[in-house]
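Below: one structure, written as structure tokens.
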Amino acid sequence: MTAFDPDGTAYLLEGAVGRPLVVLSHGVGMDLHMWSGQVEALSERCQVLRYDMLGHGRTPPQPDANSIDSFSQQLFRLLEHLQADPVALVGFSMGGLVAQHFALCHPRRLHRLVLMSTVYQRNAEELQGVRSRLELARKQGLETIADAAIDRWFTPAYTDKHPHIVRAIHERIRTNNLAGYLKAYEIFVHADDAIGDGLRNVQCPSLVMTGELDSGSTPLMAERMAASMARARHIILKGLGHMAPVESPNQVNQALLSFLL
């Protein structure tokens, strides 16, 4: 059953108490349910915390949330509420930027870090795509954004084989609160300014992974992230696009369990 912390953050805590805690942070436009393919596998050996970021799912937006720091502090307050010991943090896409910022601000709260299908030190060419999508959302709304996301996020073979799952993802994106989505996406666009080259300061064991076919969180970017950290390695998930946790949960779960335990 969904619970809420004092600030209104919606979360689900699953698995046996006393096991290592793994925190799952989703991407922009999604919610905690995007991790459904990971929960069963991880909760057999871990306690799993997934939550809705500000303005997503059942968590209301914060009017004064204007930087990636607001999302990082949301996670900090949730962990304080749960009195969580140092955790393993898995961040996907925008959740990966939240995880990076959290690792810089609260390094003692982490003992493992996973950055999945996310971005770091984007150059002008890499930023061009997200800036154009932000403008597209402002001008045309979320229906067009949802259509474009499906085309980028999934391989055609998966879309043809699992249309019901793809439709559910499309509906999740399309039905976001537009103002909340635009605010979060704007923060996603500008998060590099707050993080800078901060990954060089991350000391905990870290794993970077992305799909071989991910056009936004590219294999080259994953290599860049891993090379910036003292104790990191990277994995390229063969034949997968951006939504690897949904498209191939077994492949992602195997990588996570191998690293986390």
Side-chain angles (χ1 to χ4, degrees), residues 9-11 23-36 38 50-63 65-75 78 89-102 114-120 122 126-154 166 168-195 210-211 214-218 221 225 241-247:
T9 293
Y11 67 92
V23 182
L24 306 176
S25 185
H26 63 77
V28 66
M30 300 302 296
D31 61 21
L32 60 81
H33 296 290
M34 72 151 283
W35 297 108
S36 296
Q38 281 63 60
R50 45 185 173 144
Y51 71 101
D52 287 335
M53 294 195 305
L54 299 173
H56 291 72
R58 299 180 68 181
T59 298
Q62 283 187 352
N66 53 19
S67 73
I68 199 69
D69 179 68
S70 300
F71 287 78
S72 176
Q73 290 305 308
Q74 176 199 14
L75 175 56
L78 175 59
L89 176 57
V90 180
F92 172 85
S93 195
M94 182 173 173
L97 286 169
V98 174
Q100 291 175 49
H101 193 274
F102 187 91
V114 179
L115 303 176
M116 187 188 308
S117 304
T118 192
V119 295
Y120 180 64
R122 289 169 287 185
E126 290 164 340
L127 281 167
Q128 182 179 356
V130 291
R131 286 174 174 157
S132 64
R133 287 191 286 276
L134 178 59
E135 287 306 307
L136 185 65
R138 286 171 174 159
K139 293 176 180 177
Q140 299 188 25
L142 293 179
E143 185 77 39
T144 301
I145 288 297
D147 292 342
I150 294 302
D151 290 341
R152 291 195 322 276
W153 289 1
F154 293 102
V166 173
I169 298 289
H170 185 281
E171 186 69 3
R172 171 64 277 175
I173 301 168
R174 187 188 68 80
T175 56
N176 275 285
N177 175 274
L178 178 59
Y181 179 91
L182 290 175
K183 173 60 71 174
Y185 207 89
E186 184 176 7
I187 290 170
F188 175 69
V189 170
H190 296 290
D192 300 66
D193 297 337
I195 294 169
T210 198
D214 194 327
S215 60
S217 307
T218 63
M221 200 178 293
M225 280 186 272
H242 189 61
M243 286 297 288
V246 175
E247 185 161 347

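Counting from 1, the numbers follow the sequence of the chain as shown. Hydrogens, waters and symmetry mates are skipped; everything else that's a heavy atom, side chains included, is used.
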- Glu143 CD: over 12 foreign heavy atoms closer than 6.0 Å: yes
- Kindly assign one of parallel, tilted or perpendicular to the pair His56 and His26, based on the angle between their ring planes and the thresholds 30° and 60°. tilted
- Message: Please evaluate residues Val23 and Leu78 with respect to the criterion side-chain contact (heavy atoms from CB on, under 4.5 Å), reporting the C-alpha separation (whole Å), side-chain torsions for both, the decisive distance (0.1 Å), and the verdict.
- Response: CA-CA 11 Å; Val23 182; Leu78 175 59; over 6 Å; no
- Looking at Thr118 and Ser93, what are the two nearest heavy atoms and their distance? OG1-O, 2.6 Å
- Okay, side chain of Gln100, backbone of Val119: is any donor-acceptor separation there less than 3.5 Å? yes
- Query: Is there a donor-acceptor pair closer than 3.5 Å between any side-chain N or O of Ser25 and the backbone N or O of Gly91?
  - Reply: no
- Minimum heavy-atom distance Ala184-Phe71, with the two atoms named: CB-CZ, 4.3 Å
- Query: Does Phe92 reach the side chain of Met243, with side-chain heavy atoms less than 4.5 Å apart?
  - Reply: yes
- Item | Within-4.5 Å side-chain heavy-atom neighbours: Val90 and Trp35 | yes
- Note on the structure: Rounded to the nearest 0.5 Å, the CZ atom of Arg133 sits from the CD atom of Gln128 at a distance of 10.5 Å
- Note on the structure: Taken to the nearest 0.5 Å, the spacing of Met116 CE from Leu24 CG works out to 8.0 Å
- Decide yes or no on side-chain contact (heavy atoms from CB on, under 4.5 Å) for Phe154 and Val246, but give the supporting numbers first. CA-CA 9 Å; Phe154 293 102; Val246 175; 4.0 Å; yes
- Just by distance, do the side chain of Thr144 and the backbone of Gly141 share a donor-acceptor pair under 3.5 Å? no
- Beyond-backbone contact of Glu186 with Asn66, side-chain heavy atoms, under 4.5 angstrom: no
- Message: Working to the nearest 0.5 angstrom, can you tell me the gap between Met53 CE and Thr9 OG1?
- Response: 11.0 Å
- Taking side chain as C-beta onward, heavy atoms only, is Gln74 less than 4.5 Å from Tyr51? yes
- Check the pair Gln62, Gln73 against side-chain contact (heavy atoms from CB on, under 4.5 Å), reporting the backbone distance first and the verdict last. CA-CA 12 Å; Gln62 283 187 352; Gln73 290 305 308; over 6 Å; no
- Side chains of Arg50 and His33: closer than 4.5 Å at any heavy-atom pair? yes
- Please answer whether the main-chain N or O of Ala10 pairs with a side-chain N or O of Asp52 as donor and acceptor at a distance below 3.5 Å. no
- Heavy atoms only: give me the nearest Trp153-Glu247 pair and the separation to one decimal. O-OE1, 4.2 Å
- Locate the shortest heavy-atom distance separating Ala149 from Ile173; write the atom from each residue and the value. CB-CD1, 3.7 Å
- Message: As an exercise, state the distance from CG of Leu32 to CZ of Arg58, rounded to the nearest 0.5 Å.
- Response: 9.0 Å
- Do Arg122 and Met221 touch side chain to side chain, with heavy atoms closer than 4.5 Å? yes
- Query: Any donor-acceptor pair under 3.5 Å linking the side chain of Thr175 with the backbone of Glu171?
  - Reply: yes
- Which atoms form the tightest heavy-atom contact between His242 and Ser217, and what is the distance? CE1-OG, 3.7 Å
- Test log, rule side-chain contact (heavy atoms from CB on, under 4.5 Å), inputs Tyr120 and Leu115: CA-CA 10 Å; Tyr120 180 64; Leu115 303 176; over 6 Å; no
- Item | For the student: nearest non-hydrogen atoms of Ile68 and Ile187, plus distance | N-CG2, 3.4 Å
- Query: Is a donor on one side and an acceptor on the other found under 3.5 Å between the side chain of Gln38 and the backbone of Pro245?
  - Reply: yes
- Query: Is the closest side-chain heavy-atom distance between His170 and Asp147 below 4.5 Å?
  - Reply: yes
- Message: What's the separation between atom CD1 in Ile145 and atom CG in Leu136, rounded to the nearest 0.5 Å?
- Response: 4.0 Å
- Message: Do Pro61 and Asn177 have side chains that approach each other closer than 4.5 Å (heavy atoms only, starting at C-beta)?
- Response: no
- Going from CG on Leu142 to OH on Tyr185, what distance comes out if it is rounded to the nearest 0.5 angstrom? 11.5 Å
